[in-house]
Structures are given as structure tokens and as C-alpha cells.
Amino acid sequence: MRSLRTACAAVAALVLVGCAAETSGPAPVPPAAEEQDALIRYAQRVLVDECLDRQGLAVAREPSSPQESGRLRDALFGAGPTELSLALPTGHTVRAHTDGCLAAARHTLYGDQRRWFRAEVTVNNLSAEAAARIRADPAHRAARARFSRCLDAAGPSRTPVLEKGVEQRCAGESGLASVENRLRPVRLAEVRSLRRDQLTTHTRLRTRALQRAAEISAARLHGKTPEKGSASP
């Protein structure tokens, strides 16, 4: 909540400065990444709340029955089979709905749900993809085997603190820690290069969402609702 208040205060200050200077450019966006994240979350919550209100629902209100709880869940997250699906190189599959208030809010912010879903899921799983490549590396497999033998030789630990100490010692003696430290930046650079197109799309759509979120926040300050699609794609 503190970061959200900071972001909103920053936007408010920027909007007031813009009004005082009588500028007609796009709504200002906070410069710090944390404030930008908070701004997007705030705008998304505003859009979701408005969507639920139009259906006579509200997240803050406790559902009075299982039926109402189900209706709220469907209205918020969507119902029926998921329309979006992306299989990751790690073997996992991520799915999402294109209906529901949350999806509608993201459509308003990012403009293209399918492109944002694919880019967001890909970018969010870059570290996991790099970790999978690290585990598949022969040097890492050999270090893991030495690490396991070290743990077996140490025997069972009596407390979590002792167990953690044994694991740290074995990670150092087996070379597992140094192998991971060496491979991590290399493999992460590899996956970032492989997913360059999705990283570019993610940045472009996030920039659009930030501008749209700034418009929504500014409109809320003045008690207005910005017209849909007013941000540039």
C-alpha cells in the first residue's frame, strides 16, 4: 500500500505540474520502476472495480452464498475453457481467459491481450528457462552428483539450522555453488537473446500500459473517466 500511495502521489504531483504549465502532451509517467509497477496495478484495480460494479459485484464485499462467490469468481477471472495457452521450454503450460474483468482491464491497458499474455509469460519465465539450461549442463550435473554424495556422507541433520549449514558446506566443497555462479549469467544471456522479440514486445506494450495507467490516474484525480483507447498503441 505504501508503494501504491507513493506512485499515486507522484502522478498527482506530475499532473498538477503539467496543468500549471498548461501543457497538452501525454499524461506523465513516474520514472522509477517500482512506482511504474504500482501505477499499473492501481489502474488495473480501478478498471476491475468499475467492471464489477457494472455487474453489481464487488471484490471487497463478502459473497453471501456459494453461488454468488462463483459468480464473482467468473466475473473476475472468466469462465469456461481458457482461450490463451503457452507451452514453456521448461515443460510447463500457462493458461488464461480472455473474458472476465481482469482480462478486460488488461486489454484496456495493453491493447492486445494475446500479445501481452505471450510476452508477459515468456519474460516472467526467463529465469526458470535459464535455470533449466543450467541443470542440463554437464558441469552442473557432475557438481550435483558430488553435492549429493557430500550430503549422504554427512548423514541426517538434527535441526534445520544444522541442515542448512551442511548444505552450504557441501555446495562449496562440491563446487556446485561456483558452477551455478559461473553458468547463471551465461545461460540467462542466452535465453534473453533467444526471446529478444518477446522482450521487445513486452517493453512496447508495457510502455503503452504505463501511459494508459497515467491517463486513468489523472482522470480519477479530476473525477472523470478517460475514453477507452485514448492512449497511443
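- There is no path of hydrophobic side-chain contacts, each under 4.5 Å, that joins I134 to V191.
- Around NE2 of H97, the count of heavy atoms belonging to other residues, nucleotides or ligands within 6.0 Å exceeds 12.
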Dump the intermediate steps for side chain to side chain donor-acceptor pair (under 3.5 Å) on S193 and R196, then the final yes or no.
CA-CA 5 Å; S193 178; R196 185 183 298 112; 3.1 Å; yes

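- Using a 4.5 Å heavy-atom threshold, the side chains of R187 and D137 count as touching.
- Distance check, rounded to the nearest 0.5 Å: CZ of R106 to CG of D112 gives 14.0 Å.
- Just one residue in the list R195, R184, R133 forms a salt bridge (Lys or Arg N to Asp or Glu O under 4.0 Å) with E190, and that residue is R133.
- When hydrophobic clusters are built by joining Ile, Leu, Val, Met, Phe, Trp and Tyr residues whose side-chain heavy atoms come closer than 4.5 Å, directly or via intermediates, I40 is not grouped with V121.
- Cluster membership check: L205 does not share its hydrophobic cluster with F117, using side-chain heavy-atom separations under 4.5 Å among Ile, Leu, Val, Met, Phe, Trp and Tyr.
- A salt bridge between R71 and E68 is absent, with no side-chain N of the basic residue lying under 4.0 Å from a carboxylate O of the acidic one.
- No chain of hydrophobic side-chain contacts below 4.5 Å, direct or via other Ile, Leu, Val, Met, Phe, Trp or Tyr residues, connects V123 to L88.
- Using a 4.5 Å cut-off between side-chain heavy atoms of Ile, Leu, Val, Met, Phe, Trp and Tyr, with links allowed through other members, F147 and V179 fall into different hydrophobic clusters.
- Between R192 atom CZ and L199 atom CG the span is 5.0 Å, to the nearest 0.5 Å.
- Between the side chain of R144 and the backbone N or O of L176, no donor-acceptor pair lies under 3.5 Å.
- Salt bridge status for K164 with E167: absent, with no side-chain N to carboxylate O gap under 4.0 Å.
- At distances below 3.5 Å, not a single donor-acceptor pair connects side-chain atoms of S217 with backbone N or O atoms of A213.
- Proximity of L109 to I216: side-chain heavy atoms (C-beta onward) are separated by under 4.5 Å at one or more points.
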